[in-house]
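Encoded as structure tokens, the structure appears first; notes follow it.
Chain letters run A, B, ... following the sequence lines, proteins first and then strands; every chain starts at 1. If you're wondering where the values come from, they're calculated on a predicted model, not measured in any experiment. Atom set for the values below is all heavy atoms of this structure, side chains included, hydrogens, waters and symmetry mates excluded.
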Amino acid sequence: MYTFADRDEESVSLRPEATASVCRAYIEHGMHTLPGSAKLYYVGPMFRRERPQKGRYRQFYQIGAEVLGASDAPAIDAEVLEMLLVLFNRAGLALTTLSINSIGCKECRPIYVELLREELRKVKDALGPDSQRRIETNPLRVLDSKVPEEQPVIEKLPRIAEHLCSACRQHFSELKDELNLRHISYEENWRLVRGLDYYTRTTFEVTAEGLGSQNAVCGGGRYDGLVELLGGPAGVKGIGFAIGTDRAILSIQDSGKAPNPPGLAVFVAWMGMKAYPAAVAIAKKLRECGLVVEIPAEEMKFKKSLGLADKLGARYALIVGEDEAASGVFTLKRLADAEQKKLSENDLLEYLESEKRQ
RNA sequence: GUGAGCGUAGCUCAGCCGGUAGAGCAUCGGUCUGUGGAACCGAGGGUCGUGGGUUCAAAUCCCAUCGCUCACCCCA
């Protein structure tokens with residue numbers, strides 16, 4: 001979290017994420033009295049202080065969703081993941097991998113963490129300085145070390161899946177059943193952890209291609225203890241995710257599947273000042289139909305006009321010369337295949353209206 | 001916070017051991033006065049990130065500074 005003093009010496013902090021904020025809103029608005037689980041989402045800018053790198057900016061954007069309520073049914077976790085993957089799919093974010101893990105609860109995790117710490121101490125000499133430090137501060141973090149030399153050592157460490165209590169073990173097992181029910185493919189990653197104590201059980205992450213070393217586009221998990229920790233009612237469970245919007249966009253762009261923005265539909269190629277009034281009039285009517293229209297502000301040579309229409313990526317050129325202005329019959333040219341037809345104003349509007357829907 | 005790399009035309013970049021800045025693409029005009037994409041010809045566009053230093057002379061060498069990129073750290 002980035003905290004600093006502003007001009008009035010007031011201490012200001014920039015929010016690094018929104019889950020806690022959502023929990024506070026849940027508490028403040030008494031949402032535990034709402035029927036069923038509260039299903040919430042947010043979109044907004046967040047801030048971090050670290051040096052920027054690819055897909056990791058000091059001001060970044062997150063899209064998040066949270067489910068809060070009395071139930072911690074595995075089906076809720078699975079539904080959250082289902083929604084997330086549907087969203088990615090619709091957005092054209094392909095080649096993603098969903099990793100899941102369970103990090104236990106306040107009963108079983110501390111026991112595992114101690115065990116892990118003891119095992120880490122035995123192999124301390126094989127680890128780098130960062131990991132050595134983390135043995136005491138946050139042993140779980142050693143698991144996501146990227147140092148190549150440490151990998152064989154880490155692979156031999158005790159795994160949390162083998163040390164979950166029976167309730168957590170069952171929850172994780174049921175989660176996998178629920179995911180299968182929804183035909184969601186995933187891989188288990190026993191090294192996927194969260195650093196803070198209020199995180200429980202399910203953790204997950206979605207990674208995508210084209211992002212360098214920062215390849216997670218979404219992270220999330222269960223945080224059954226957080227609402228109570230923040231002063232809310234006991235027994236409220238929660239799960240949610242946050243999408244790194246900047247990274248998701250980078251990955252979509254990289255895959256070349258970005259949807260095309262609505263392009264220029266009609267370029268009004270007019271010739272001669274006698275045709276100009278008719279051109280302006282029809283351009284206005286086309287715009288009223290919701291079409292994106294470009295009309296040159298100054299007279300230009302006809303060849304140049306069509307050339308400009310092409311360069312601007314217009315789908316159609318509407319030709320308005322003296323003949324058209326006099327007869328009221330326009331010439332519409334489709335630029336992709338050079339096919340053109342003559343249409344009265346009404347026919348033109350009708351034709352473009354039907355084209356628009358395709 | 002740590003490490004590495006990079007700032008030259010709108011974009012991508014070249015510019016060897018210092019000698020007053022270049023290409024491709026893009027833009028604009030012409031060949032071409034009612035039918036686009038091509039080709040050819042021509043034009044415009046730069047305090048070489050900024051400040052200082054060395055030198056007869058600095059885009060080039062030195063120092064500082066700002067910005068950007070990638071990675072580490074961190075990841076609530």
Side-chain angles (χ1 to χ4, degrees), chain A residues 1-3 13-24 46-58 60 62 64 128-134 137-138 140-148 150 192-199 203 205 210-221 223 225-226 229-230 238 240-242 244 247 250 264 267-275 279 294 296 298-327 330-342:
Chain A
M1 189 150 61
Y2 184 44
T3 301
S13 295
L14 300 177
R15 61 178 180 185
E17 54 121 17
T19 298
S21 307
V22 170
C23 289
R24 286 189 205 98
M46 310 292 162
F47 306 85
R48 61 165 70 84
R49 186 178 38 178
E50 288 79 28
R51 285 262 180 84
Q53 49 190 300
K54 190 176 176 73
R56 192 180 163 104
Y57 312 122
R58 286 184 165 165
F60 60 104
Q62 284 191 343
D130 289 328
S131 290
Q132 288 195 13
R133 176 167 39 80
R134 285 184 287 217
T137 59
N138 199 342
L140 287 175
R141 281 273 154 229
V142 177
L143 299 181
D144 56 22
S145 159
K146 294 168 195 161
V147 180
E150 297 180 355
L192 182 60
V193 295
R194 289 285 176 267
L196 295 191
D197 285 344
Y198 57 79
Y199 279 100
T203 68
E205 189 170 278
L211 293 171
S213 72
Q214 300 293 328
N215 65 348
V217 289
C218 177
Y223 46 88
L226 183 55
L229 186 72
L230 292 172
F241 62 75
R247 285 186 207 173
L250 277 176
L264 179 58
F267 184 96
V268 179
W270 59 277
M271 282 171 280
M273 290 314 293
K274 283 184 184 161
E294 178 75 14
E298 293 174 290
E299 186 165 13
M300 56 174 71
K301 288 177 183 173
F302 188 54
K303 252 182 191 292
K304 191 182 159 188
S305 194
L306 279 184
L308 187 56
D310 183 50
K311 281 183 200 167
L312 294 177
R315 286 178 62 188
Y316 296 97
L318 184 69
I319 298 166
V320 186
E322 283 185 32
D323 297 348
E324 285 83 359
S327 66
F330 298 97
T331 305
L332 184 70
K333 180 183 182 101
R334 191 194 293 146
L335 291 168
D337 58 8
E339 189 177 281
Q340 58 185 54
K341 53 182 72 180
K342 292 194 176 283

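Across every non-hydrogen atom of L335(A) and Y316(A), the tightest pair is CD1-C, 4.1 Å. In terms of heavy atoms, V268(A) sits closest to P296(A) at O-CD, 3.0 Å. What you find for Y223(A) and G240(A) is that their closest heavy atoms are CE2-N, 3.6 Å. The two residues L230(A) and A20(A) make their nearest non-hydrogen contact at CD1-O, 3.8 Å.
When each of C28(B), U35(B), C74(B) is scored by its nearest atom to the side-chain atoms of E50(A), the top-ranked nucleotide is C74(B). Side-chain atoms of A338(A) lie closest to G37(B) of the nucleotides G37(B), C75(B), G30(B). Between U31(B), G34(B), C74(B), one nucleotide has an atom nearer to the side chain of T331(A) than all others, and that is G34(B). Comparing atom distances between the R56(A) side chain and each of U31(B), A76(B), C73(B) picks out C73(B) as nearest. Nearest nucleotide to the side chain of E322(A), out of U35(B), C73(B), G34(B): G34(B). Side chain of L335(A), nearest nucleotide from G36(B), A76(B), C74(B): G36(B).
Among the protein residues, Y316(A) comes within range of no part of the nucleic acid, since none of its heavy atoms lies under 4.0 Å from any strand. Within 4.0 Å (heavy atoms only), R15(A) reaches no atom of the nucleic acid at all. K303(A) comes within 4.0 angstrom of a base, heavy atoms only. Counting any heavy atom pair closer than 4.0 Å across all strands shown, L308(A) reaches no nucleic acid atom. Residue contacts shown for G321(A) include a base, since a base heavy atom lies under 4.0 Å away. Contacts of D130(A) with the nucleic acid, taken as non-hydrogen atoms under 4.0 Å apart, involve only primed sugar atoms and P, OP1 or OP2.
Listed for the R48(A) side chain is a donor-acceptor partner under 3.5 Å among the backbone atoms of Y57(A). E150(A) places a side-chain N or O within 3.5 Å of a backbone atom of G128(A) that can act as its donor or acceptor partner.
Nucleotides U50(B) and C66(B), compared at atom C1', are 7 Å apart to the nearest Å. Here the separation of C16(B) from A43(B), taken at their C1' atoms, is 32 Å to the nearest Å. Straight-line distance between the P atoms of A9(B) and G22(B): roughly 14 Å, to the nearest whole Å. Spacing of P atoms, A23(B) relative to A64(B), comes out at 36 Å, to the nearest Å. On the C1' atoms, C28(B) is 32 Å away from G67(B), given to the nearest whole Å. Taking atom C1' in both C70(B) and G29(B), the straight-line distance is 43 Å, to the nearest Å. One C1' atom belongs to C25(B), the other to G45(B), and the distance between them is 14 Å to the nearest Å. Only the C1' atoms considered, U12(B) is 16 Å distant from U69(B), to the nearest whole Å.
In this structure, the CG atom of D310(A) is 7 Å from the P atom of G37(B), given to the nearest Å. Atom CZ of R48(A) is separated from atom P of C75(B) by 12 Å (rounded to the nearest Å). Rounded to a whole Å, the CZ atom of R141(A) is 11 Å from the P atom of C73(B). In this structure, the CZ atom of R133(A) is 15 Å from the P atom of U2(B), given to the nearest Å. Atom pair K304(A):NZ and U31(B):P shows a separation of 12 Å (rounding to whole Å applied). Remark: P of G29(B) and CD of E298(A) are 10 Å apart, rounded to the nearest angstrom. Taking atom CE of residue M300(A) and atom P of nucleotide G34(B), one finds them 14 Å apart after rounding to whole Å. We find that CG of L332(A) is positioned 13 Å from C1' of U35(B), with the value rounded to whole Å.
A donor-acceptor contact under 3.5 angstrom links the side-chain atoms of K333(A) to the base of U35(B). Side chain R134(A) to base C73(B): no donor-acceptor pair is found below 3.5 Å. No hydrogens or angles were tested; on distance alone, a donor-acceptor pair under 3.5 Å links the side chain of E324(A) to the base of G34(B).
Environment of CG in D144(A): crowded, with over 12 heavy atoms of neighbouring residues, nucleotides or ligands closer than 6.0 Å.
Pairing analysis of RNA chain B (Watson-Crick: purine N1 to pyrimidine N3 plus N6-O4 or O6-N4; G-U wobble: N1-O2 and O6-N3; both under 3.5 Å) yields stems of 3 or more pairs at B:1-7 with B:66-72, B:10-13 with B:22-25, B:27-31 with B:39-43, B:49-53 with B:61-65.
When side chains are defined from C-beta on, I319(A) counts as touching M271(A), because their heavy atoms get closer than 4.5 Å. In this structure the side chain of S305(A) never reaches within 4.5 angstrom of the side chain of W270(A), judged on heavy atoms. Contact check for S145(A) versus R134(A): side-chain heavy atoms found under the 4.5 Å cut-off. The side-chain heavy atoms of R56(A) and R51(A), taken from C-beta on, include no pair separated by under 4.5 Å.
Partners of Y199(A) by side-chain hydrogen bond (donor to acceptor under 3.5 Å, both in side chains), not counting sequence neighbours: none found.
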Heavy atoms under 4.0 Å is the rule here; annotate nucleotides 65-70 of chain B 5' to 3' with B where the base is hit, S where only the sugar-phosphate is, and - elsewhere.
-> -----B
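Within the structure, every side-chain polar atom (N or O) of K146(A) is placed at least 4.0 Å from both OP1 and OP2 of A71(B).
Taking the nucleotide of RNA chain B with the nearest heavy atom to each of D144(A) and D323(A), the more 5' of the two is matched to D323(A).
Base orientation at C72(B) is anti, since its O4'-C1' glycosidic dihedral falls outside 90° of 0.
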